[in-house]
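Reviewing the structure listed below.
Along the sequence shown, residues carry numbers from 1.
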Amino acid sequence: MQRDLSAMEGMLFDVLVVGGGINGTAAARDAARRGLVVGLVEKHDFGWGTTATSTRLIHGGLRYLEHFDFALVREGLREREALLRWAPHRVKPLPFITPIYKKSRRGPLAIRVGMYLYDLLSYDKSLPPHRWLSASEVLALEPHLNPEGLRGGALYYDAQVDLPERFCIDHAREAASFGARLANYAEVVEIALEQTPHRVTVVDHLTGKRHVLQARLVINAGGPWADAVMPQGGVQGRGEGAREQVARRLRKTQGIHVVVDAFTRHAIVQLAERDGRVFFVVPWRGYALIGTTDTDYDGDPGEARASAQDVAYLIDETRRYFPGVRMDPVYLTTAGVRPLVLRRPGESESQTSRRHLVLDSAPGKSWGIVTILGGKLTNHRVVAAEAVDIACRKLQKGTGTKAPDGPFFGGDVDVKKDLSSWKKEYEALSLSDETWEQLAFLYGSRTPEVLELCRQDPELARPLSPGSEVIAAQLVYAVEKEMCRRSPDFMLRRSLMGLTPGGMARAADVRKMMAELLSWDDAELQQDLEQTDREAAKIGVPKATSALDAEGRKEASP
């Protein structure tokens with residue numbers, strides 16, 4: 001997967017996808033697999049926005065049953081099963097417990113009915129059915145839960161994806177293998193609809209240069225930036241009013257999460273006493289991920305931050321369920337903006353549907369902008385396929401040749417069996433068990449590609465930073481194969497290195513090696529340092545946490 005905006009400038013794309021989150025990269029993958037000439041540009045890095053700030057769950061949405069949205073739940077459950085099958089290295093089963101108290105807003109009958117419906121709608125599942133628990137059984141499984149007034153609970157299964165950002169990398173690489181051309185750090189600043197093919201002006205944030213790309217159609221997968229992607233005003237007969245149409249239907253809400261020390265064995269479904277909102281405690285990489293909130297947001301989605309008030313809300317409400325648990329320190333926070341679809345005036349944030357909507361700026365025409373709004377992580381394949389279906393019909397190309405199901409990029413793997421085989425074949429590398437585990441988790445069937453780098457240069461089998469399970473070969477692989485261009489790209493989106501307590505303090509080691517691999521000058525080193533501090537602040541890590549950076553910048557200077 002090579003980044004070359006100059007080469008893209010000389011191409012005519014059938015479809016240019018704007019946005020490199022989960023929906024955008026999935027659309028590029030789908031369109032390329034159907035034979036379209038595809039380009040994709042992302043203004044920051046793949047998976048940087050809403051994708052990176054989700055609750056990291058793959059689920060049907062049990063709470064949507066309250067709104068009688070059976071079709072949405074069924075779609076999610078069907079997709080949950082597909083992701084478990086086609087991305088076994090990325091998605092894993094996760095047990096949930098819903099505790100029921102005497103003062104709970106939903107009593108045993110309501111929960112039982114919901115559980116039976118959930119099982120019924122997931123009739124083709126591979127996960128176990130739900131099981132009803134007595135109060136003593138709930139406490140045996142989760143001894144830190146508040147026993148006062150506990151009536152019992154339900155145990156059921158959904159699934160989890162620890163690093164959804166890697167899904168975006170998987171989709172981008174698979175799209176590239178089918179001929180798509182992609183570029184991160186490439187921001188669209190103008191879309192000219194007055195002629196076909198459309199002229200799309202892109203600023204390369206790595207070089208400062210402008211490039212004009214040509215595309216017969218644009219797929220707008222900007223997520224919470226979808227309205228900003230649309231051209232201002234419009235030309236008569238060429239998308240007039242399309243920006244306003246998107247803005248009217250787009251509702252932006254912010255959700256935050258906090259990461260603290262683990263205190264549960266299962267994911268726990270919680271109901272806030274203050275406002276009745278559903279949120280979760282989710283076991284995540286040895287810690288607890290608590291979230292999420294759901295409040296209207298009207299600022300720049302890229303500037304979303306977890307406020308002290310929101311953090312206190314999550315902690316206080318969780319303490320009602322776990323009164324004896326210490327929930328400090330808070331190691332990390334995330335804040336993201338959901339691009340929801342507004343369907344009825346007056347809806348509360350949590351009532352707004354998670355259904356998606358695909359808008360066509362020029363129905364029946366062979367040109368225009370196809371815009372994706374809404375959806376959720378679980379059903380991203382469905383969302384992407386609908387947008388590409390519309391594009392194929394408009395272009396009269398690729399129609400009726402829907403991309404077949406099959407393993408995701410790296411998903412043709414039996415993790416347990418293949419990991420055992422790799423350990424034998426590459427025994428001489430003397431890697432730790434922790435390193436083996438995270439290699440299989442991150443790369444799936446592509447793991448031997450990283451190991452071969454170590455075989456060619458044994459020095460690359462060393463830990464990238466003292467005490468880390470991440471090895472130097474992974475950074476080389478990320479730069480050469482995964483379009484990694486900045487230190488936070490690797491630490492937060494190519495690996496989990498920066499998403500562990502104190503992890504961002506290792507940025508200097510990453511920066512030093514990246515400077516050598518990419519031949520950075522002093523200005524590029526400074527840009528990387530500043531971006532690292534910005535992204536550390538976004539996840540609630542102060543600059544002091546990366547105190548090594550000043551030395552690292554000096555040491556890394558070519």
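For Q531 and E535, the side-chain atoms include at least one donor-acceptor pair closer than 3.5 Å. No hydrogens or angles considered: nothing links the side chains of R181 and Q2 as a donor-acceptor pair under 3.5 Å. In summary, the side chains of Q456 and E452 do not present any donor paired with an acceptor at a separation below 3.5 Å, with no hydrogens or angles considered. T50 and R338 share no donor-acceptor pair across their side chains, judged by distance under 3.5 Å alone. With 3.5 Å as the limit, one finds no donor-acceptor pair spanning the side chains of D489 and W48. E449 and Y477 form a side-chain donor-acceptor contact under 3.5 Å, judged by distance and modelled atom types alone.
Salt bridge R3/E42: absent, no basic N to carboxylate O contact under 4.0 Å. One finds no salt bridge joining D30 and R381 here, because no Lys/Arg side-chain nitrogen approaches an Asp/Glu carboxylate oxygen to under 4.0 Å. Salt bridge annotation for R285-D162: present, with a cationic side-chain nitrogen under 4.0 angstrom from a carboxylate oxygen. Between R33 and E174 there is a salt bridge, with a side-chain nitrogen of the basic residue lying less than 4.0 Å from a carboxylate oxygen of the acidic one. By the 4.0 Å N-to-carboxylate-O rule, K252 lies too far from D296 to be salt-bridged with it. Between E482 and R166 there is a salt bridge, since a side-chain N of the basic residue sits under 4.0 Å from a carboxylate O of the acidic one. Using a cut-off of 4.0 Å between Lys/Arg side-chain N and Asp/Glu carboxylate O, D414 and K416 are scored as not salt-bridged.
More than 12 heavy atoms of other residues, nucleotides or ligands lie within 6.0 Å of CG in D328, so this atom counts as buried by the packing criterion. In K481, the NZ atom is not crowded: 12 or fewer heavy atoms of neighbouring residues, nucleotides or ligands sit closer than 6.0 Å.
A perpendicular orientation is assigned to the rings of H59 and F280, their planes being inclined by more than 60° (bins at 30° and 60°).
Nearest approach of V337 to A304, heavy atoms of both residues: CG2-CB, 3.9 Å. Shortest non-hydrogen contact noted between V260 and P329 is CG1-O, 3.8 Å.
Screening residues 159-185 for ring-ring contact (aromatic ring centres under 6.0 Å, His included) gives H44-Y185, F167-H171, F167-H380, F167-F408, H171-H380, H171-F408 as the qualifying pairs, with residues at least two apart or on separate chains. Counting only residues at least two apart or in different chains, salt bridge (Lys or Arg N to Asp or Glu O under 4.0 Å) contacts with residues 460-472 comprise E459-R462. Counting only residues at least two apart or on different chains, the side-chain hydrogen bond (donor to acceptor under 3.5 Å, both in side chains) pairs with a member in residues 258-267 are E142-H266, D261-Y331.
Side chain of N379 to main chain of V382: no donor-acceptor pair is present (N/O by atom type, distance under 3.5 Å, no hydrogens or angles). In this structure, S432 contributes its side chain and T435 its backbone to a donor-acceptor pair below 3.5 Å.
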Apply the test side chain to side chain contact (heavy atoms under 4.5 Å, CB included) to residues M327 and R319: give CA-CA distance (whole Å), side-chain angles for both, the deciding distance (0.1 Å), then the verdict. CA-CA 8 Å; M327 296 181 199; R319 282 201 176 110; 4.0 Å; yes
Dump the intermediate steps for salt bridge (charged side-chain N to carboxylate O under 4.0 Å, His left out) on D170 and R90, then the final yes or no. CA-CA 10 Å; D170 296 341; R90 196 76 64 225; 2.9 Å; yes
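Annotation: Y157 is not in aromatic contact with F96 [ring centroid separation under 6.0 Å not met].
With D45 as the partner, the salt bridge (charged side-chain N to carboxylate O under 4.0 Å, His left out) test is satisfied by one option alone out of R485, R486, R494: R494.
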